[in-house]
Amino acid sequence: MQNHKNLEAIVFDNRFTRELPADPELLNVRRQVVQACYSRVTPTPVAHPQLIAYAPEVAELLGLSVEPADHPQFAQVFSGNRLLPGMDPFAMCYGGHQFGNWAGQLGDGRAINLGEVVGANDQRWMLQLKGAGPTPYSRTADGLAVLRSSVREFLCSEAMFHLGVPTTRALSLVLTGEQVVRDMFYDGNPRQEPGAVVCRVAPTFTRFGNFEIFAARNDIETLRRLVDYTIRNDFPHLGEPGAATYETWFHEICRTTADMIVHWMRVGFVHGVMNTDNMSVLGLTIDYGPYGWLDDYDPNWTPNTTDAGGRRYRFGHQPQIAQWNLMQLANAIYPLVGNAEPFQLGLQLYAEKFQEDWRTMMARKIGLEAFDPHTDQVLIEELLSILQLTETDMTIFFRRLASISVTEPMADLLPGKKDRSAVETPSEGDSVEHNSARLAEAYYLPNERTAEHEQRIRAWLRNYQARLSQDGIPDPIRRTRMNAVNPKYVLRNYLAQLAIDKAELGDPSMVATLLELLRKPYDEQPEREEFAVQRPDWARRRAGCSMLSCSS
Ligand code: AMP
Ligand code: MG
């Protein structure tokens with residue numbers, strides 16, 4: 001790692017605190033903060049910080065070198081115990097709509113931004129500690145985070161990045177050496193859990209809620225300052241801020257948000273808490289809380305027990321919710337434009353782009369050259385309906401689907417047979433039967449599959465094979481393409497929980513193993529097959545594996 005710096009040499013250039021209005025109050029007490037974008041606040045020192053995992057790629061982005069000898073120093077800085085020269089720590093003021101209702105001021109209740117790093121290639125990155133103590137925005141909570149939720153945030157941020165999903169990143173995971181009390185299911189069973197701090201990294205952590213708070217307070221002056229700042233610094237390609245730029249800016253947020261959601265739908269990710277304070281203005285996945293990954297494909301599934309009643313944030317509802325959230329952002333910026341039309345256009349743009357990109361994405365998932373509306377809408381809808389007839393593992397299914405054969409000779413064709421045409425057009429019934437069998441690994445309850453299921457999957461395979469023949473892409477090429485969009489390895493909820501169980505007992509090795517595994521989610525990793533199998537039966541109802549709460 002040549003030219004990489006040690007911690008002391010990181011260069012900070014803190015535009016956010018330099019250019020935007022600050023809360024004049026410096027006392028760290030909970031309060032309403034008005035006419036200010038942030039409050040200066042220092043992290044609360046912890047007893048025995050210990051670095052238990054870090055992402056070398058993220059260190060590299062910052063231009064940092066991390067040698068084993070640096071770990072204690074690293075732990076001091078990324079627990080918040082020691083500030084580096086040039087850091088200017090602060091918590092942001094924002095509001096948000098939570099579960100559909102305006103919630104007023106929220107803000108960084110347990111996140112403290114340390115400063116903006118000018119990293120490799122002059123790219124800028126905000127460093128943010130999550131769980132480093134209370135801020136003026138902590139309301140009734142403690143500002144801390146536990147190991148359980150920190151492992152989940154650390155691993156998922158990096159897993160999403162390597163899957164190609166827009167996301168905030170995670171640099172490090174540090175144990176604080178202190179205990180934190182949590183009542184995981186809010187049911188009167190509090191327990192002590194190890195405290196931890198994750199250092200998150202993103203160009204900016206600005207959320208929809210950062211704009212909403214000023215609009216809600218009718219503080220148009222501060223709203224305009226934040227919007228102009230954001231356009232100048234995070235969207236410089238849009239040009240100088242002004243009425244026309246506000247429109248193009250909103251349209252861009254609609255597009256990047258659509259792109260992010262299409263990726264979530266591709267990999268089977270359920271965010272779990274799509275409140276407007278958890279929506280990044282850059283279209284990045286942000287705030288990994290009670291998120292989950294679909295094991296069996298079920299559009300109605302949500303991992304979040306807090307949302308179990310209305311299932312507002314269920315997998316299949318995410319596209320609509322993102323649009324609803326964009327509408328709240330539109331309402332917030334509206335006073336700067338005074339005309340609803342460009343916003344309506346933006347929301348429509350979102351819907352159109354989502355639909356178009358979703359179709360393209362689904363076509364790629366099943367290995368088609370492009371989405372053909374005449375045939376593929378029906379083909380894809382029927383597939384998604386079949387996946388719900390019996391518990392079918394989404395990740396395994398699409399991976400196995402790549403292995404079906406269309407152009408290969410039939411296995412049962414006798415070597416002596418010379419009939420070339422029979423080789424190239426295999427007898428249909430047999431082929432469908434073989435191909436159907438290739439999908440068996442994806443079913444959770446193979447013995448409970450119905451005749452209807454087998455009949456519909458075979459009929460579907462017949463249509464699908466015919467559709468593939470139209471494209472005429474040779475099987476090996478189609479397979480390679482499909483495997484590049486259908487991950488083999490995702491952060492299954494139970495895998496994250498196993499890593500947490502071990503880490504809580506003092507062994508963080510599985511966090512490192514999963515980080516390593518998830519660096520190459522599309523590759524076959526034959527020595528790590530055990531991480532690509534179905535969720536085991538014991539995980540079906542276990543906390544952390546199929547149900548999560550907001551308590552973190
Ligand atoms: P979330 O649903 O996790 O995005 O959090 C919603 C709001 O609650 C945000 O303003 C968070 O900063 C705040 N919050 C969540 N957990 C804590 C905590 N342990 N201490 C202080 N604030 C918190
Ligand atoms: Mg949040």
Side-chain angles (χ1 to χ4, degrees), residues 28-33 37-39 41 43-44 46 80 89-113 126 128-150 152-154 156-157 167-168 170 176 178-184 186 190-198 200 202 204-213 216 270-282 284-292 302-307 312-313 321 325 328 548-552:
N28 188 2
V29 288
R30 276 87 161 159
R31 59 180 175 270
Q32 291 291 306
V33 173
C37 292
Y38 64 93
S39 306
V41 59
T44 304
V46 297
F90 68 98
M92 288 203 263
C93 179
Y94 56 78
H97 280 84
Q98 297 186 313
F99 298 93
N101 304 305
W102 174 243
Q105 177 181 301
L106 299 167
D108 285 331
R110 57 163 164 179
I112 298 180
N113 299 277
M126 186 66 85
Q128 184 182 78
L129 300 184
K130 185 163 173 180
T135 75
Y137 307 95
S138 297
R139 297 178 291 153
T140 57
D142 57 10
L144 304 175
V146 293
L147 180 61
R148 159 174 62 86
S149 58
S150 304
R152 287 170 50 81
E153 173 132 28
F154 175 78
C156 203
S157 308
T167 178
T168 60
T176 61
E178 294 179 359
Q179 299 290 307
V180 174
V181 175
R182 284 290 180 270
D183 183 355
M184 188 158 55
Y186 308 114
R191 69 163 177 130
Q192 293 219 321
E193 299 188 44
V197 175
V198 169
R200 311 197 286 192
T204 178
F205 287 93
T206 304
R207 305 135 189 276
F208 292 7
N210 288 75
F211 305 99
E212 287 180 276
I213 189 74
V270 192
H271 183 284
V273 207
M274 288 178 73
N275 294 333
T276 57
D277 55 299
N278 291 338
M279 296 291 291
S280 145
V281 75
L282 294 179
L284 304 174
T285 314
I286 191 172
D287 275 6
Y288 293 90
Y291 67 82
T302 173
N304 185 357
T305 51
T306 317
D307 188 28
R312 180 179 172 86
Y313 298 141
I321 289 292
N325 289 343
Q328 307 316 313
L548 292 134
S549 78
C550 284
S551 161
S552 55

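Note that ligands are numbered from 1 as they come in the structure, with each ligand's atoms numbered from 1 the same way.
- Looking at Q98 next to ligand 1, no N or O pair under 3.5 Å apart turns up.
- Contact annotation: for N278 versus ligand 1, heavy atoms closer than 4.0 Å belong to the side chain alone.
- The Mg ion (ligand 2) has no N, O or S atom of N275 under 2.8 Å away, backbone or side chain.
- When only interatomic distances are considered, the shortest N/O to N/O separation between R139 and ligand 1 falls below 3.5 Å.
- Residue D142 is tested with R30, R110, R182 for a salt bridge (Lys or Arg N to Asp or Glu O under 4.0 Å); the sole match is R182.
- Looking at atom 21 (C) of ligand 1, its nearest protein heavy atom turns out to be G109 O, 3.2 Å.
- Taken from CZ in F205 to CD in Q128, the straight-line distance is 4.5 Å, to the nearest 0.5 Å.
- Close N/O approach between A141 and ligand 1 is not found [any backbone or side-chain N/O within under 3.5 Å].
- Of the listed residues (M92, Q105, R30, R110), the one carrying the non-hydrogen atom nearest atom 17 (C) of ligand 1 is R110.
- Distances between N or O atoms of N275 and those of ligand 1 include no value under 3.5 Å.
- Considering backbone and side-chain N/O of G107, one or more are found under 3.5 Å from N/O of ligand 1.
- Short contacts between ligand 1 and D142, defined as distances under 4.0 Å to a heavy atom of the residue, involve ligand atoms 18 (C), 19 (N), 20 (N).
- Every heavy atom of C550 sits 4.0 Å or more from the atoms of ligand 1.
- Ligand-side atoms of ligand 1 in range of D277: 4 (O), 6 (C), range being under 4.0 angstrom from any heavy atom.
- Here is the list of ligand 1 atoms found below 4.0 Å of a heavy atom in D287: 4 (O).
- Contact annotation for R182 and ligand 1: only side-chain heavy atoms (C-beta onward) come within less than 4.0 Å of the ligand.
- Under the side chain to side chain contact (heavy atoms under 4.5 Å, CB included) rule, L144 has a single partner from V180, V46, T44, T176, which is V180.
- D287 contributes atom OD2 as its closest N/O/S atom to the Mg ion (ligand 2).
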